[in-house]
Asker: 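I am attaching a structure below and will ask some questions about it afterwards.
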There are 2 protein chains.
Amino acid sequence: MDERKLRILRAIIDDYILTAVPVGSRTISRKYETSLSSATIRNEMSDLEELGYLDQPHVSAGRIPSAKAYRLYVDQLLASGAIRSDTEESIRHYFSSHLRQMERVIDEAAKALSSLTGYTAVVLEPGGHEPRIRNIQLVSVSSRSALVVIVTDAGLIRDHVVSVPRGVDPDTLYMISQALTEALMGCTPSEACDRIPILTARMEQNTDLLRSVGGLMTEARDKGSHGHIGIGGVSNMLSYPEYSDMEKARNFLSLVETRDRLAQIIRQRGDVAFTVRIGPETGVPEISDCSVVTATYTTSNGRQGTIGVIGPTRMQYSRVLSVLAGMGQQLSQLFDQQEDSNSTKGGGARE
Amino acid sequence: MDERKLRILRAIIDDYILTAVPVGSRTISRKYETSLSSATIRNEMSDLEELGYLDQPHVSAGRIPSAKAYRLYVDQLLASGAIRSDTEESIRHYFSSHLRQMERVIDEAAKALSSLTGYTAVVLEPGGHEPRIRNIQLVSVSSRSALVVIVTDAGLIRDHVVSVPRGVDPDTLYMISQALTEALMGCTPSEACDRIPILTARMEQNTDLLRSVGGLMTEARDKGSHGHIGIGGVSNMLSYPEYSDMEKARNFLSLVETRDRLAQIIRQRGDVAFTVRIGPETGVPEISDCSVVTATYTTSNGRQGTIGVIGPTRMQYSRVLSVLAGMGQQLSQLFDQQEDSNSTKGGGARE
DNA sequence: ATTAGCACTCAATCACTTCGAGTGCTAACA
DNA sequence: TGTTAGCACTCGAAGTGATTGAGTGCTAAT
């Protein structure tokens with residue numbers, strides 16, 4: 001694999017990313033390799049096709065890069081270490097002064113990502129390991145109902161109203177909460193599911209209440225671990241010619257609609273900074289002509305979240321990567337401030 | 001306006017709803033009014049066009065119903081009172097056994113609505129009046145941080161972690177919570193925002209903590225009133241020929257992406273059971289060739305939510321209306337059970 | 001090794017025709 | 001007077017070549 005071949009391949013990819021039109025030998029010879037004639041380029045292209053880096057839609061059209069070509073391109077890009085998160089200011093611009101609610105940060109991040117890249121963006125809430133219960137509270141809502149709040153180290157399991165038997169006052173609720181917290185602290189929801197029946201059996205009163213909590217816990221366990229998902233720029237996809245085919249567009253849309261599957265696709269584990277999956281590498285037939293680029297961000301307590309961009313295979317990888325890098329940093333920072341504001345803000349403002 | 005004209009107009013609308021193809025005189029004479037010849041139908045159609053009920057895309061095509069025609073059609077439909085919620089069983093089928101988390105109910109409802117109608121569905125959380133605070137709890141998460149949970153009669157204001165000064169144990173947190181609840185019970189968030197600084201000033205300790213709560217309250221106030229929004233079946237729209245135009249499809253999609261605007265469009269106030277807005281009546285240029293049908297559901301404590309369906313103007317109004325009716329009932333029921341489960345379930349399961 | 005030249009391919013475009021669904025009008029009819 | 005049959009007319013959709021031009025592969029010359 002010649003160095004010149006590489007240059008030509010790179011030129012073809014760049015041009016195709018820009019125009020989405022099969023690129024011919026003449027284009028390359030005029031716009032990129034002015035010292036070579038189109039005939040020479042043709043020969044090289046022929047070789048590149050044989051090597052599997054180029055495809056030809058039909059005999060009298062130009063060439064388009066194959067997934068293998070993009071792979072090479074991206075690997076080179078990653079190896080060169082040329083990904084600077086130079087977009088830091090423009091990213092910061094998207095976060096209004098002081099967002100502190102997790103969900104809003106995530107939504108904003110997705111919006112920013114999609115708007116900066118022009119593709120569809122997905123942001124997942126941090127949550128690496130299985131959540132562990134930290135606190136259970138029954139919060140009185142009215143005389144006859146209460147809200148069960150289960151706090152885990154991954155955040156909060158959502159609201160659920162349960163009915164309260166007659167004669168149980170807020171203080172009793174608090175005591176029950178304390179007992180529950182003590183018994184289940186550190187458990188995962190599924191462990192808690194197993195224990196609650198035992199607890200229920202041991203208690204002679206308030207069994208109804210406990211059963212309700214058990215029900216909620218089961219729901220929490222089955223719900224699937226992903227927290228909030230931020231999605232942005234879905235409509236962007238329709239502006240690319242590869243999605244002028246309605247059938248493809250519908251497939252993509254319905255994939256995005258089933259957030260569970262989307263989360264599964266985006267979620268990235270392990271300690272790599274970036275993942276780039278091109279076309280078939282995604283393993284998802286619906287988006288076999290898309291690429292998925294993901295990156296992670298980390299909070300101070302080690303929980304890991306994923307951000308990702310989905311676009312056509314002829315994606316502006318270098319831009320996407322640098323935006324992802326920048327966004328990852330921003331998010332890590334934001335959540336750091338938020339989660340251990342005791343050490344920084346608390347310390348400073350103390351007294 | 002002849003009775004026969006009405007029959008013919010109705011036949012045209014029905015056929016066009018089914019096929020999305022301009023319908024000609026011959027079709028009507030063969031499929032609907034077999035006793036009349038196509039020539040007669042032609043005369044009648046000509047009259048109907050002059051009256052503004054029919055449009056003609058070009059001279060040698062059939063006729064298509066105008067917005068005015070749909071209006072007449074729908075008004076008749078509504079007046080006839082023929083909307084039976086006969087789909088009750090099929091709707092119930094969509095709600096898995098015991099969903100009790102508000103957000104999931106709403107999401108499921110949207111999914112069910114879209115799947116039953118084949119259009120795009122939107123479900124808004126109930127929330128008529130401004131929410132009133134019922135309870136404030138500081139839930140310990142770790143030794144140095146706590147979660148602030150603000151419960152209102154409209155549900156829960158989301159999680160927000162605050163730092164806890166050294167030496168404040170869970171019991172102290174509970175006491176502070178009690179004090180806060182007592183002081184702010186029954187307030188709206190904006191009232192609470194005004195009061196918190198006063199409370200803070202009166203306290204000699206834990207001022208940091210209160211300030212954090214104040215910040216969260218401010219965010220809650222500014223957040224905008226709409227709660228969770230359930231959206232389903234967005235991809236359905238792409239399967240209708242009217243959206244084969246990419247530009248239109250993109251417009252629609254980006255409208256759906258900005259949930260705030262969508263909520264604004266769907267939200268329905270007042271005591272009418274149904275609202276049908278056809279084409280330009282929606283007042284939203286992006287969907288000037290769509291219709292929006294909404295209905296309300298009510299919870300036992302009088303809070304009102306909206307469910308809606310967005311589809312092409314040639315929507316299957318009668319089906320949509322009956323599905324909406326059924327879904328409205330189901331939701332009203334579901335939230336009734338949930339909100340005052342004390343009177344029904346609590347009473348039953350007592351002992 | 002590179003390049004100029006040439007024959008060849010094939011999608012895209014355009015002009016042209018044909019086809020048929022549909023209309024409007026008129027005249028005949030019950 | 002309302003209904004119908006018949007006919008001329010319109011116009012989009014679909015089909016048919018012919019033309020164009022971007023692009024290739026191959027060969028022979030540099």
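Quick note on labels: first sequence line is chain A, next is B, and so on, each numbered from 1. Please read all numbers here as calculations on a predicted model, not as lab measurements.
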Asker: Could you check how far CZ of A:Arg26 sits from P of D:dG21, rounded to whole Å?
Answerer: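 So the CZ-P distance, A:Arg26 to D:dG21, works out to 13 Å.
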Asker: Do B:Lys111 and A:Glu257 meet the salt-bridge criterion of a basic N to acidic O distance under 4.0 Å?
Answerer: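 So A:Glu257 does not pair with B:Lys111 through a salt bridge.
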Asker: Mind checking if B:Ser29 touches a base, just sugar-phosphate, or nothing, with heavy atoms under 4.0 Å?
Answerer: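 Result for B:Ser29 = nothing.
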Asker: Taking atom P of C:dC10 as reference, at what distance in whole Å does atom NE2 of A:His58 sit?
Answerer: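 These atoms are roughly 9 Å apart.
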Asker: Quick one: A:Asp47 CG to D:dT24 P, roughly how many Å, whole number?
Answerer: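 To the nearest whole Å, that distance equals 13 Å.
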Asker: When the distance from CD1 of B:Ile12 to P of C:dT23 is rounded to whole Å, what number comes out?
Answerer: 9 Å
Asker: Just the rounded figure in Å: distance from P of D:dT24 to CD of A:Glu49.
Answerer: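 Going from A:Glu49 (CD) to D:dT24 (P), I get 10 Å.
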Asker: Can you tell me whether the side chain of A:Arg42 and the base of D:dG25 have a donor-acceptor pair closer than 3.5 Å?
Answerer: yes
Asker: Do the charged groups of A:Arg314 and A:Glu242 touch, with an N to O distance under 4.0 Å?
Answerer: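 A salt bridge is present here (some side-chain N lies under 4.0 Å from a carboxylate O).
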Asker: Taking atom types as modelled and ignoring hydrogens, do the side chains of B:Tyr32 and B:Thr27 form a donor-acceptor contact shorter than 3.5 angstrom?
Answerer: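 Not at all, the side chains of B:Tyr32 and B:Thr27 share no donor-acceptor pair under 3.5 Å.
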Asker: Would you say C:dA21 has OP1 or OP2 under 4.0 Å from some side-chain N or O of B:Arg30?
Answerer: no
Asker: Taking the nucleotide of DNA chain D with the closest heavy atom to each, which residue, A:Thr27 or A:Asn43, is nearer the 5' end?
Answerer: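 Whichever sits nearer the 5' end wins; that is A:Thr27.
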Asker: I'd like to know if B:Lys248 pairs up with B:Glu286 as an ion pair, taking the criterion as any Lys NZ or Arg NE/NH1/NH2 lying under 4.0 Å from an Asp or Glu carboxylate oxygen.
Answerer: no
Asker: On DNA chain D, compare the nucleotides closest to B:Val59 and B:Leu36; which residue's is nearer the 5' end?
Answerer: B:Leu36
Asker: Give a yes/no answer on whether the side chain of B:Ser37 brings an N or O atom under 4.0 Å of OP1 or OP2 in D:dT3.
Answerer: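 False: B:Ser37 side-chain N/O out of range (4.0 Å or more) of D:dT3 OP1/OP2.
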Asker: Between B:Arg4 and D:dT3, does any side-chain N or O lie under 4.0 Å from OP1 or OP2?
Answerer: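 True: B:Arg4 side-chain N/O within range (under 4.0 Å) of D:dT3 OP1/OP2.
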Asker: To the nearest Å, give me how far apart NZ (A:Lys5) and C1' (C:dA1) are.
Answerer: 12 Å
Asker: For the pair A:Lys5 and A:Asp47, find out whether any cationic side-chain nitrogen is under 4.0 Å from an anionic carboxylate oxygen.
Answerer: yes
Asker: Are OP1 or OP2 of C:dG24 and a side-chain N or O of B:Arg63 less than 4.0 angstrom apart?
Answerer: yes
Asker: With a 4.0 Å cutoff (strictly under), does any side-chain N or O of B:Ser25 reach OP1 or OP2 of C:dT23?
Answerer: yes
Asker: Measuring from the side chain of A:Gln56 (C-beta onward, heavy atoms only), which nucleotide among C:dT3, C:dT23, D:dG25 has the closest atom?
Answerer: D:dG25
Asker: Just the rounded figure in Å: distance from C1' of C:dC25 to CD1 of B:Ile41.
Answerer: 17 Å
Asker: Which of these nucleotides, C:dA21, C:dA4, C:dT9, is closest to any side-chain atom of A:Ser60?
Answerer: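 Nearest to the side chain of A:Ser60 among the choices is C:dT9.
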Asker: Is A:Thr40 near enough to C:dT3 that one of its side-chain N or O atoms lies under 4.0 angstrom from OP1 or OP2?
Answerer: yes
Asker: Measure the distance from CG on B:Asp15 to C1' on C:dG22 and round it to the nearest whole Å.
Answerer: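 Value for this atom pair: 14 Å.
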Asker: Checking B:Thr275 against B:Gln268 for the side chain to side chain donor-acceptor pair (under 3.5 Å) test, could you report, in this order, the C-alpha distance in whole Å, the side-chain angles of both residues, the deciding distance, and whether it holds?
Answerer: CA-CA 8 Å; B:Thr275 306; B:Gln268 173 185 321; 3.0 Å; yes
Asker: Describe the nucleic acid contact of B:Ser38 in one word from base, sugar-phosphate, nothing, applying a heavy-atom distance below 4.0 Å.
Answerer: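 No contact.
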